[in-house]
Amino acid sequence: MKGAARLLFGRRARLRWVHLILGGALAMPYVLLGEAIIGPATGSQNVFGSFPLQLASFGAGLPIAAVTSLFPLTRPLEAAAVRWLCGVEADRLAPGPARTRGEKGRTAAWFTLHLGVGGIIAGMSLALPPFAAVLIALPVFAGLRGTRLGLPEVLDHPWAPALAPVVGLASLVALAGCAAGCGALLAHWAPRLLGPTPEDRVAAAEARAADLAVRNRLARELHDSVGHALSAVTLQAGAARRVLDSDPEFVREALAAIEDTIRRTVGELDAVLGVLREGDGPGTAPAPTLAADLDGLLARSRAGGRRVTATVAADPGALPPLVSREAYRIVQEGLSNALRHAGAGAAVDVRVEVADGALAITVENPVTGPAASRPGGGHGLRGIADRARLLGGAMTAGTTGPAGEIFRLHVRLPLKGPA
């Protein structure tokens, strides 16, 4: 019983009833235009006093409403009303005006349906409550039967006053049921008539995918550049602190490396954040590449006291710009991983070479912690895998050696192919 009452008189049902009343209010100007057509066509001087002629005027006004629904703001306004009053989710409704012929046709069908059903429910809402009130009050005011209210003759029977309140209450419940049913019907049809087309859904999905790709790119760039800088600066500062009294020259070199690392990282951070800026000018710092920045990357890594050996069997200047840029980030993240997880004084080996039309990058370091031996773990290795995949390459990472004592990162990047 409570569920049925909520269905007929709950908040959702009341809001949908308001939506139908608004449809009836919007239908009134078109009904008046219909009367201007039906009156001369039938020769009647009192269209308003004839119920059949009123229905004819209502029917004549709906095609006019369908034509006026081609106004661009019709679909956005109707979609907003459906969203707030009918409880339809926003993503199931098209936000903008109708553009294609099919969208305009569906908008016209919806507008006609809203005004048609809303006009009927609005008319019932105006007529039934007063009639029901009279029936409910009839047993109390028995003298009303002798007035000029135009009550049916059936009410003159002795049993009529006792049955009249039941009929009055039933008519109100019937009105609420009709309003709830029609409101649910409009809520059901709204996504089909006002919703996005398959082309709109594809365009929205492509826009979300593009936005996600930009976010992932920013996340990779920030992780690789800032993460490497923090790891390098931490190691450099720790090494300088340990020899502060015994080796001032090393301390000066470490402080200079820290300064250079921070300066370059600020420039790289500006380049990454430039993706978020509109109208980015030429002053944005360029992204580092293997050709121009590999030597500095190795020097800053060595300044922290790590033994980093590098073998470059390739001409970095001959690499495609995109491959050179992504290769630098891969080497940077490989060194960051090694610097974080290799023990103090451990050697890190970097090899860069060209073989079989691809650039091969290998970074090896001793395993001293569980994080270093976790293949595919961590955001850094996932970022390297993403970079390699976007260039059509592949990445492998894991422990090697007789006792699994070496962590090996190997990336292969094709020099030609789809990026």
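Computed from heavy atoms alone, side chains included, the values below leave out hydrogens, waters and symmetry copies.
At least one side-chain heavy atom of I64 sits less than 4.5 Å from a side-chain heavy atom of I37. Between I121 and C178 there is a side-chain heavy-atom pair separated by less than 4.5 Å. You'll find the side chain of L175 reaches within 4.5 Å of the side chain of P129, heavy atoms only. Residues R75 and S69 have side chains not in contact (no heavy-atom distance under 4.5 Å, counting atoms from C-beta outward). Proximity of Q332 to L335: side-chain heavy atoms (C-beta onward) are nowhere separated by under 4.5 Å. Looking only at side-chain heavy atoms (C-beta outward), R11 and L15 come within less than 4.5 Å of each other. Contact of the V88 side chain with the P191 side chain is registered, since non-hydrogen atoms from C-beta on lie closer than 4.5 Å. Between T362 and R408 the shortest side-chain heavy-atom distance falls below 4.5 Å.
In this structure, F111 and Y30 have perpendicular ring planes: the angle between them is above 60°, well past the 30° mark.
G177 approaches L8 most closely through the heavy-atom pair CA-CD2, 3.5 Å. For the residue pair G183 and L20, the shortest heavy atom distance occurs at N-CD1, 3.9 Å. Considering every non-hydrogen atom in both W110 and L186, the closest pair reads CZ3-O, 3.3 Å. Of all heavy-atom pairs spanning G392 and P414, the tightest one is O-CG, 3.4 Å. Scanning all heavy atoms of the two residues, the minimum distance from A132 to G168 falls at CB-O, 3.4 Å. When all heavy atoms of L381 and A397 are compared, the closest pair comes out as CD1-CB, 4.4 Å.
Put simply, CG on L85 and CZ on R16 are 10.5 Å apart, with the number rounded to the nearest 0.5 Å. To the nearest 0.5 Å, atoms CZ (R83) and CG (D91) are separated by 10.5 Å. The line from OG1 of T396 to CG of L409 is 7.0 Å long, rounded to the nearest 0.5 Å. Here the OG1 atom belonging to T400 is positioned 8.0 Å from the CD1 atom belonging to I406, to the nearest 0.5 angstrom. Taking CZ of F58 as the reference point, atom CD of E35 lies at 12.0 Å (rounded to 0.5 Å). In this structure, the separation between CG on L319 and CD on E326 is 12.5 Å, given to the nearest 0.5 Å.
Taking the centre and axis of the six-membered ring of W17, the NZ or CZ atom of R14 falls outside the cone set by 45° and 6.0 Å.
Counting only distance, with no hydrogens or angles, the side chain of T74 and the backbone of L70 share no donor-acceptor pair below 3.5 Å. Between the side chain of S324 and the backbone N or O of L290 there is at least one donor-acceptor pair closer than 3.5 Å. Between the side chain of R106 and the backbone N or O of L194 there is no donor-acceptor pair closer than 3.5 Å. When atom types are taken as modelled, the side chain of R412 and the backbone of A360 share no donor-acceptor pair closer than 3.5 angstrom. Counting only distance, with no hydrogens or angles, the side chain of H114 and the backbone of H19 share a donor-acceptor pair below 3.5 Å. Remark: side-chain polar atoms of D260 are not paired, donor with acceptor, to backbone N or O of A256 under 3.5 angstrom.
Salt bridge status for E249 with R252: present, with a side-chain N to carboxylate O gap under 4.0 Å.
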- Task: Evaluate the side-chain contact (heavy atoms from CB on, under 4.5 Å) criterion for residues D247 and V251: first the C-alpha distance (whole Å), next the side-chain angles of each, then the deciding distance (0.1 Å), finally the verdict.
- Result: CA-CA 7 Å; D247 193 350; V251 173; 5.7 Å; no
- Message: One pair to check against side-chain contact (heavy atoms from CB on, under 4.5 Å): L413 and I330. What are the steps and the verdict?
- Response: CA-CA 10 Å; L413 303 177; I330 290 171; 3.9 Å; yes
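By the neighbour-count criterion of 12 heavy atoms within 6.0 Å, atom CG of D356 is sparsely surrounded, having that number or fewer from other residues, nucleotides or ligands.
Just one residue in the list I120, L22, L62 forms a side chain to side chain contact (heavy atoms under 4.5 Å, CB included) with L115, and that residue is L62.
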